[in-house]
Protein chains: 2
Amino acid sequence: MGTTKTEAFTEADLTLATYAKALAHPARVAILRILLERNSCICGDIVEELPLSQSTVSQHLKELKEAGLIKGDIDGKKVCYCIDAEAWKHAQLLMQQIFASYTLCGTSCC
Amino acid sequence: MGTTKTEAFTEADLTLATYAKALAHPARVAILRILLERNSCICGDIVEELPLSQSTVSQHLKELKEAGLIKGDIDGKKVCYCIDAEAWKHAQLLMQQIFASYTLCGTSCC
DNA sequence: CTTTCTAATCGTAATATTACGATGATAAAA
DNA sequence: TTTTATCATCGTAATATTACGATTAGAAAG
């Protein structure tokens with residue numbers, strides 16, 4: 001128990017859920033906004049922007065990386081993070097699709 | 001420990017994270033798709049559509065309701081669930097905004 | 001080499017999530 | 001009233017998440 005029944009769902013739903021999960025914590029949303037704001041890549045000043053410890057930020061960065069939304073390039077001592085364009089667009093598309101599928105029919109009950 | 005530092009984040013980030021969290025499980029994505037597909041409201045046949053127990057589905061429905069994305073109206077013995085139009089559009093807007101803020105600048109490094 | 005800086009990882013504690021069976025509540029049907 | 005059907009909630013077990021301090025690994029600086 002306690003584990004998601006992965007095999008029970010479609011690939012699309014699993015993928016969308018993965019992207020959504022990456023956005024499912026305010027710290028990760030904040031990190032993404034920092035990366036989006038400065039179109040140039042940002043290293044670990046993210047830690048200074050947020051009231052979280054370095055290890056916690058690093059953990060959130062890892063999750064964003066595992067979801068595919070960001071990439072990290074080692075640049076000497078520092079590590080440069082940025083949005084992964086392809087994954088970002090893919091996530092955007094999946095989100096657009098599910099949200100748009102409502103406005104298509106329009107009428108609802110309840 | 002173990003608890004999110006809610007006070008550390010902006011209202012927008014917290015709200016977006018809440019909506020994202022609702023989409024962060026494939027079962028909930030699947031439930032939303034069922035509700036989206038049939039533009040008429042659906043009751044608990046959702047349980048039959050998914051390979052999950054009734055109590056598990058009910059729990060997921062509760063989370064979707066708490067996130068605000070769906071509403072549930074009691075209709076005799078059955079309960080009729082459907083998308084909450086306002087919240088849906090709000091979530092759509094927040095998602096659109098954060099995703100669109102990338103394509104605006106375009107160029108990235110890494 | 002040693003120190004320093006940056007960032008990942010480890011270890012751990014608190015809390016949250018996921019899933020299910022069992023039980024409870026309410027409304028329709030008998 | 002008793003039964004049946006529908007759905008929520010409780011209780012519980014397994015697992016995952018969140019957060020932090022401490023440690024580790026690697027590169028640059030001294």
Side-chain angles (χ1 to χ4, degrees), chain A residues 1-9 13-14 17-32 34-35 41-67 70-82 110, chain B residues 1-9 13-14 17-32 34-35 41-67 70-82 110:
Chain A
M1 255 182 272
T3 321
T4 299
K5 280 192 168 178
T6 308
E7 74 286 355
F9 306 103
D13 287 0
L14 288 167
T18 299
Y19 287 135
K21 198 171 186 178
L23 293 167
H25 194 284
R28 290 194 289 273
V29 175
I31 290 172
L32 289 172
I34 293 172
L35 293 177
C41 278
I42 286 301
C43 321
D45 341 60
I46 299 168
V47 176
E48 298 195 350
E49 296 261 352
L50 299 176
L52 296 172
S53 75
Q54 180 263 319
S55 58
T56 302
V57 171
S58 193
Q59 210 173 303
H60 283 302
L61 285 167
K62 190 184 177 189
E63 283 172 75
L64 287 169
K65 215 157 61 178
E66 278 171 359
I70 68 172
K71 298 186 290 186
D73 273 9
I74 299 167
D75 175 30
K77 244 195 274 200
K78 308 189 174 181
V79 176
C80 174
Y81 282 105
C82 66
C110 294
Chain B
M1 252 182 274
T3 322
T4 298
K5 281 190 168 179
T6 309
E7 73 288 354
F9 306 103
D13 287 0
L14 287 168
T18 299
Y19 287 135
K21 199 171 186 177
L23 293 167
H25 194 284
R28 290 194 290 272
V29 175
I31 289 172
L32 288 172
I34 293 172
L35 293 177
C41 278
I42 286 301
C43 321
D45 342 59
I46 300 168
V47 176
E48 296 194 353
E49 295 261 351
L50 300 175
L52 296 171
S53 76
Q54 181 263 320
S55 57
T56 302
V57 171
S58 192
Q59 210 173 304
H60 283 303
L61 285 167
K62 190 185 178 189
E63 283 173 75
L64 287 170
K65 215 157 62 177
E66 279 170 357
I70 68 172
K71 299 187 290 187
D73 273 8
I74 299 168
D75 175 29
K77 243 194 277 199
K78 309 190 175 183
V79 176
C80 174
Y81 282 105
C82 66
C110 294

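Below, read A as the first sequence line, B as the second, and so on, with proteins coming before strands; counting in each chain starts at 1. What you see is a predicted model; the values in this text were computed from it and never measured.
- Here the side chains of B:V29 and A:L14 are not in contact, with every heavy-atom distance at 4.5 Å or above.
- What separates CG of A:L61 from P of C:dA8 is a distance of 6 Å, to the nearest Å.
- Annotation: A:E7, atom CD; neighbour count of heavy atoms from other residues, nucleotides and ligands within 6.0 Å is above 12.
- Atom P of nucleotide C:dT9 and atom NZ of A:K65 are separated by 7 Å, given to the nearest angstrom.
- Annotation: of the two residues near DNA chain C, A:T3 and B:T3, the 5′-most nearest-nucleotide partner is B:T3.
- Ring-plane geometry between A:H60 and A:H25 is classed as tilted, the angle between the planes lying from 30 to 60 degrees on a 0 to 90 degree scale.
- Distance A:D73 CG to D:dG26 P: 18 Å, rounded to the nearest Å.
- Regarding B:I46, its CD1 atom lies at a distance of 13 Å from the C1' atom of D:dT6, rounded to whole Å.
- In this structure, B:I31 and B:Y81 have side chains that are not in contact, with every pair of non-hydrogen atoms separated by 4.5 Å or more.
- The side chain of A:K21 contributes no N or O atom lying less than 4.0 Å from OP1 or OP2 of C:dT17.
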Between the protein and nucleotides 20-24 of chain D, are there any N/O to N/O pairs under 3.5 Å, and if so, what are the atom names and distances?
residue : atom : partner : partner atom : Å
D:dC20  : OP1  : B:K5    : NZ           : 2.8
D:dC20  : OP2  : A:S53   : N            : 3.1
D:dC20  : OP2  : A:T56   : OG1          : 3.1
D:dC20  : N4   : A:Q59   : OE1          : 3.4
D:dG21  : N7   : A:S55   : OG           : 3.3
D:dG21  : O6   : A:S55   : OG           : 3.3

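- Side chain of B:R28 to backbone of A:A17: no donor-acceptor contact under 3.5 angstrom is found.
- To the nearest 0.5 angstrom, A:L61 atom CG is 11.0 Å from A:T56 atom OG1.
- Across all strands shown, B:K77 has heavy atoms under 4.0 Å from base atoms, whether or not it also approaches the sugar-phosphate.
- Note on A:S58: every side-chain N or O is 4.0 Å or more away from OP1 and OP2 of C:dA7.
- We find that CG of A:L64 is positioned 13 Å from P of D:dT17, with the value rounded to whole Å.
- In terms of phosphate contacts, B:H60 brings a side-chain nitrogen or oxygen within less than 4.0 Å of OP1 or OP2 of C:dA19.
- One interatomic measurement links the two molecules: CD of A:E49 to C1' of C:dA7, which rounds to 17 Å at whole-angstrom precision.
- Here D:dA16 presents its P atom at 12 Å from CD of A:E63, a figure rounded to the nearest Å.
- Toward the 5′ end of DNA chain D lies the nearest nucleotide of A:R28, the other residue of the pair A:R28 and A:I74 mapping further downstream.
- Side chain of B:V79, nearest nucleotide from C:dA7, D:dT15, D:dA8: D:dA8.
- Side-chain contact between B:D45 and B:I34: absent, with no pair of heavy atoms (C-beta onward) separated by less than 4.5 Å.
- Rounded to whole Å, the distance from CZ on A:F9 to C1' on C:dA19 is 11 Å.
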